[in-house]
Protein chains: 2
Amino acid sequence: MGEMSDELTALYTDQYEFTMLRSALADGTAHRRAVFEVFARRLPDGRRYGVVAGIGRLLDALERFRLDDDSLAFLLDRGVIDEPTAEWLASYRFTGDIWGYAEGECYFPGSPILVVESTFAEAVLLETLTLSILNHDSAIASAASRMATAAGGRALIEMGSRRTHEAAAPAAARAAYIAGFTSTSNLLAGRRYGIPTAGTSAHAFVLLHDSERDAFRAQIETLGRGTTLLVDTFDVREAVRTAVEVAGPGLGAIRIDSGDLPALAHEVRAELDRLGATGTQILVSGDLNEHAIAALAAAPVDAYGVGTALVTGSGAPTAELVYKLVARSTSDDPSAPLIGVAKASTGKPTHKGRKWAHRVIEDGVAVAEVVTTWPDIDRPGRPLLVPLVQRGDIVGREPLEMARERHVRSLAELPPAARQLSWGEPAVPTEYNGAPAYSADGPDGRRATAVEAERTDERRT
Amino acid sequence: MGEMSDELTALYTDQYEFTMLRSALADGTAHRRAVFEVFARRLPDGRRYGVVAGIGRLLDALERFRLDDDSLAFLLDRGVIDEPTAEWLASYRFTGDIWGYAEGECYFPGSPILVVESTFAEAVLLETLTLSILNHDSAIASAASRMATAAGGRALIEMGSRRTHEAAAPAAARAAYIAGFTSTSNLLAGRRYGIPTAGTSAHAFVLLHDSERDAFRAQIETLGRGTTLLVDTFDVREAVRTAVEVAGPGLGAIRIDSGDLPALAHEVRAELDRLGATGTQILVSGDLNEHAIAALAAAPVDAYGVGTALVTGSGAPTAELVYKLVARSTSDDPSAPLIGVAKASTGKPTHKGRKWAHRVIEDGVAVAEVVTTWPDIDRPGRPLLVPLVQRGDIVGREPLEMARERHVRSLAELPPAARQLSWGEPAVPTEYNGAPAYSADGPDGRRATAVEAERTDERRT
């Protein structure tokens with residue numbers, strides 16, 4: 001299911017990582033220094049920025065990336081590894097360095113979101129787990145951020161647990177919270193991450209009772225007048241009148257979960273005000289996405305409940321981040337130099353070399369994402385890579401609120417076009433070693449892809 | 001993360017289930033008998049059938065749906081429940097009955113995929129967990145089944161772990177296997193569910209080495225000539241020649257992960273044959289979906305590796321199943337009659353009443369999905385609901401292979417149009433108590449929605 005607890009994470013992994021390890025241990029290349037990089041070749045169609053999420057979860061998972069006897073026996077039994085590999089794995093701990101974009105930071109095509117430096121053996125094993133966490137959480141956060149912009153400061157309740165894998169649900173709630181959501185319906189997210197939880201009743205509760213009035217009375221008696229009554233089981237207008245009769249004008253909120261929400265919101269607001277319930281809030285839910293939220297901007301709505309569209313990334317359920325070897329040493333001598341490497345055939349281009357990243361800020365506005373193969377970038381703005389793991393020690397943990405606050409700052413810094421919901425280009429251009437690194441591809445300008453990588457000098461086939 | 005183990009599952013739940021329980025315990029309605037039903041109002045746009053998956057996982061999760069002291073303390077501390085509710089929950093076990101469509105079975109709009117009968121108190125708590133599991137797994141299986149049809153008997157390797165939540169990955173592999181995939185890259189799915197695993201190497205392994213030849217040699221030496229060599233790191237044609245030079249004509253397979261796959265497959269096949277490697281298989285991967293697989297039908301491909309499109313449901317990442325109260329007793333007297341109930345306002349229609357389902361088969365072909373509010377359906381074919389839980393005892397467990405075989409039979413039974421990949425209507429019409437229950441909505445015929453439910457007689461507001 002998904003309790004983080006003390007469960008080991010090393011089998012959340014694709015088989016080929018262990019077979020590569022096995023072959024590389026056999027010929028000694030496993031001990032070459034290696035730099036792997038996580039980046040997105042492009043943003044989802046039409047998106048103007050992405051949001052990094054999952055860093056905290058990744059650090060927790062990394063701490064438990066070990067192999068116990070049962071796991072090793074399984075791998076041996078399947079013939080995935082041999083005895084020497086099992087011996088090496090028995091004492092596996094990641095002892096290298098990891099830098100990354102801090103959680104909540106915005107990113108663009110080619111942003112080196114994570115840089116993992118270690119031996120090949122240690123780092124190759126982390127591919128799947130790293131990508132699973134960052135791809136999922138960043139996809140959700142990227143969608144959530146647009147919803148928060150659309151909501152314009154109104155409350156946003158994450159309600160999507162039922163529309164995603166049960167263990168993905170608390171992670172989705174966490175990512176949504178980082179990107180601006182106010183609360184979640186998911187209790188495990190409340191317990192595990194301290195996120196505020198919300199939720200009072202469903203249609204089933206009204207239907208269980210002999211009348212809507214009975215149901216409202218039961219709810220008010222146990223949850224108090226501050227609760228939220230669901231008013232669209234039968235007739236919304238009638239239910240609103242019943243709700244105020246039962247609860248009085250101090251009723252906390254009503255929820256409308258179906259129907260023509262903008263029209264209903266106006267009608268219900270007028271009726272509530274007429275009944276003296278001027279402080280009663282209106283919560284709307286039901287297949288909302290960022291566009292439906294934006295369309296309700298002029299309606300008297302106080303809060304939005306968002307489910308399916310959020311947990312499925314609003315059309316982009318994965319961030320499509322990749323984990324690529326970009327540099328490795330020329331031998332297993334620890335002092336051997338690093339050389340940049342990259343796949344060079346058609347398709348799936350990668351920029352070789354260990355990267356640094358810097359967001360260029362001019363007059364408070366981000367104007368470029370500069371990615372270089374050297375550390376010193378003499379431009380106004382700020383460096384983007386922060387240390388997460390140093391010589392195996394996790395140094396990048398932080399309270400969730402810090403990521404949430406960081407996202408507000410990072411988004412505010414982007415040019416205004418970033419906050420448009422319409423299809424567009426990445427809001428900030430990526431420059432790679434001084435040249436445009438990712439450019440529009442095709443006449444519609446919807447996809448940004450990397451320029452094709454040059455064949456590497458290191459190729460000696 | 002996601003080990004099933006002995007982790008409790010009761011907090012994989014939306015808060016409102018516990019607040020409804022609290023209110024219903026207070027006014028006594030919690031003890032009314034209740035029937036909840038899981039169904040889809042429609043299939044994803046253009047889909048002709050859905051595939052039920054997740055039943056086995058749900059039964060495992062149900063067995064661990066209990067609240068320990070820590071969970072109760074959390075709920076009390078947050079004010080979600082009160083002391084009487086905590087006392088009731090401390091001994092919670094589901095003691096009711098559950099029927100459902102067997103895993104691997106095809107379904108249509110309105111199919112009562114799961115029927116949960118118990119008290120309201122016991123059954124209301126299962127909504128989120130049930131939907132999370134069935135929505136995720138069925139979405140994956142539904143996409144996987146179309147891919148298996150497109151593959152036409154060629155091997156299908158599930159490789160999507162990196163593009164979904166880490167704990168969703170093994171569940172996705174399991175669902176794909178039920179719907180016709182051959183193996184998975186995910187090791188945890190291999191260990192937990194006994195699914196065959198696959199995978200040998202990535203571009204990183206080639207790039208780690210001083211030459212492609214060195215990399216191939218290392219891999220052959222440890223994994224043997226039967227391994228799969230990845231040939232698209234630099235030049236595919238050159239790599240194929242190197243591969244056969246290193247491995248000999250007995251090389252197991254080569255994998256192409258990028259580029260113009262149909263053209264490359266033809267070229268590589270010719271080259272392999274010319275080199276005498278007539279038995280060497282060709283595996284292709286790289287952003288394949290059911291349409292790309294179908295487009296490779298005429299190419300000399302032996303196996304497909306499918307990732308992102310599979311784990312994201314190929315455009316439909318959730319099955320959008322709902323869990324609705326459809327009947328409840330008129331009092332908490334165990335002998336009180338059940339009455340059908342349904343939300344009656346505009347939108348989100350539901351058919352009230354406890355349902356039975358029967359697939360009408362004529363001359364070996366499914367012609368109707370008959371859903372009735374009575375158990376005896378006198379039509380040729382077979383009943384669809386099987387007992388899963390009886391008086392709290394899990395009776396529906398079965399080996400995964402049975403679900404996999406069932407899917408083959410269930411799909412073979414559908415009319416030929418079901419296996420077309422193009423957009424279409426549900427392949428089998430749903431009849432509700434003798435009338436068409438779900439009909440096409442709109443001129444394009446792409447969406448099937450339920451007819452609007454009648455207001456219930458039981459409404460007495």
Side-chain angles (χ1 to χ4, degrees), chain A residues 1-3 7 9 11-16 19-20 22-23 26-27 29 74 120 128 131-132 135-136 161-163 165-168 185 187-188 191 197 199-205 207-208 211-212 218-219 222 232-234 258-259 312 317-318 325 328 341 343-348 460-461, chain B residues 1-3 7 9 11-16 19-20 22-23 26-27 29 74 120 128 131-132 135-136 161-163 165-168 185 187-188 191 197 199-201 203-205 207-208 210-212 218-219 222 232-234 258-259 312 317-318 325 328 341 343-348 460-461:
Chain A
M1 312 299 307
E3 190 64 58
E7 189 212 346
T9 57
L11 290 190
Y12 284 91
T13 299
D14 287 317
Q15 173 169 304
Y16 77 1
T19 51
M20 284 191 276
R22 172 180 174 178
S23 298
D27 79 350
T29 52
F74 165 75
F120 178 83
T128 305
L131 289 179
S132 291
N135 267 324
H136 174 269
S161 297
R162 64 195 53 199
R163 295 292 173 88
H165 183 277
E166 67 276 16
S185 63
L187 289 168
L188 202 53
R191 186 170 75 169
T197 55
T200 55
S201 66
H203 299 115
F205 186 74
L207 295 171
L208 169 69
S211 72
E212 197 169 47
Q219 186 177 331
T222 51
D232 71 328
T233 305
F234 302 116
S258 58
T312 59
T318 169
L325 182 70
R328 51 103 178 154
V341 295
K343 175 177 183 297
S345 62
T346 311
K348 302 189 176 180
R460 303 175 206 154
T461 46
Chain B
M1 310 300 308
E3 191 64 60
E7 189 212 347
T9 57
L11 289 190
Y12 284 92
T13 299
D14 287 316
Q15 172 169 303
Y16 77 2
T19 51
M20 285 191 276
R22 172 180 174 178
S23 298
D27 79 351
T29 52
F74 165 75
F120 178 84
T128 305
L131 289 179
S132 292
N135 268 325
H136 174 268
S161 298
R162 65 196 53 199
R163 294 292 172 88
H165 183 277
E166 67 278 15
S185 62
L187 290 168
L188 202 53
R191 186 170 75 169
T197 54
T200 56
S201 66
H203 299 116
F205 186 75
L207 296 171
L208 170 68
D210 296 331
S211 72
E212 196 170 47
Q219 187 177 330
T222 51
D232 72 328
T233 305
F234 302 116
S258 58
T312 59
T318 169
L325 182 70
R328 50 103 178 156
V341 295
K343 175 177 184 296
S345 62
T346 310
K348 302 188 175 179
R460 301 173 209 154
T461 46

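Here is how names work: the chains are called A, B, and so on, in the same order as the sequence lines, proteins then strands, and each is numbered from 1.
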Checklist entry - Do you know which two heavy atoms are closest between B:S132 and A:S161, and how far apart they sit? => result OG-O, 2.7 Å
Item to check | Between CZ on residue B:R22 and OG1 on residue A:T200, distance to nearest 0.5 Å | outcome: 11.5 Å
Checklist entry - Considering all heavy atoms of both residues, which atom of B:T318 and which atom of A:R163 are nearest to each other, and what is their separation? => result OG1-CD, 3.3 Å
Checklist entry - B:H165 vs A:H165 aromatic rings, parallel, tilted or perpendicular, using cut-offs 30° and 60°? => result parallel
Item to check | Smallest separation among heavy atoms of A:T19 and B:G199, with atom names | outcome: OG1-O, 3.6 Å
Checklist entry - So, for B:A167 and A:Y12, which heavy atoms are closest and what is the spacing to 0.1 Å? => result CA-CE2, 3.8 Å
Next on the checklist: Please identify, among B:T29, B:D27, B:L11, B:L187, the residue contributing the most non-hydrogen atom pairs under 4.5 Å to chain A.
Outcome noted: B:L187
Checklist entry - At what distance, to the nearest 0.5 angstrom, does CE of B:M20 lie from OG of A:S201? => result 6.5 Å
Checklist outcome for this item: Counting heavy-atom pairs under 4.5 Å with chain A, the top scorer among B:L325, B:T13, B:L208 is B:L208
Next on the checklist: Using side-chain heavy atoms (C-beta onward) and a distance below 4.5 Å, is B:T9 in contact with A:E166?
Outcome noted: no
Checklist entry - Roughly how far, to the nearest 0.5 Å, is the CG atom of B:D14 from the CZ atom of A:R162? => result 5.0 Å
Next on the checklist: Donor-acceptor pair, distance only, cut-off 3.5 Å: does the side chain of A:R191 make one with the backbone of B:F74?
Outcome noted: no
Checklist outcome for this item: Bottom line for B:F205: the part with an atom under 4.5 Å from chain A's heavy atoms is both
Checklist outcome for this item: So CZ of A:R328 and CG of B:D210: to nearest 0.5 Å the spacing works out to 5.0 Å
Checklist outcome for this item: Answer key: most heavy-atom pairs under 4.5 Å with chain A among B:N135, B:T197, B:T312 is B:T197
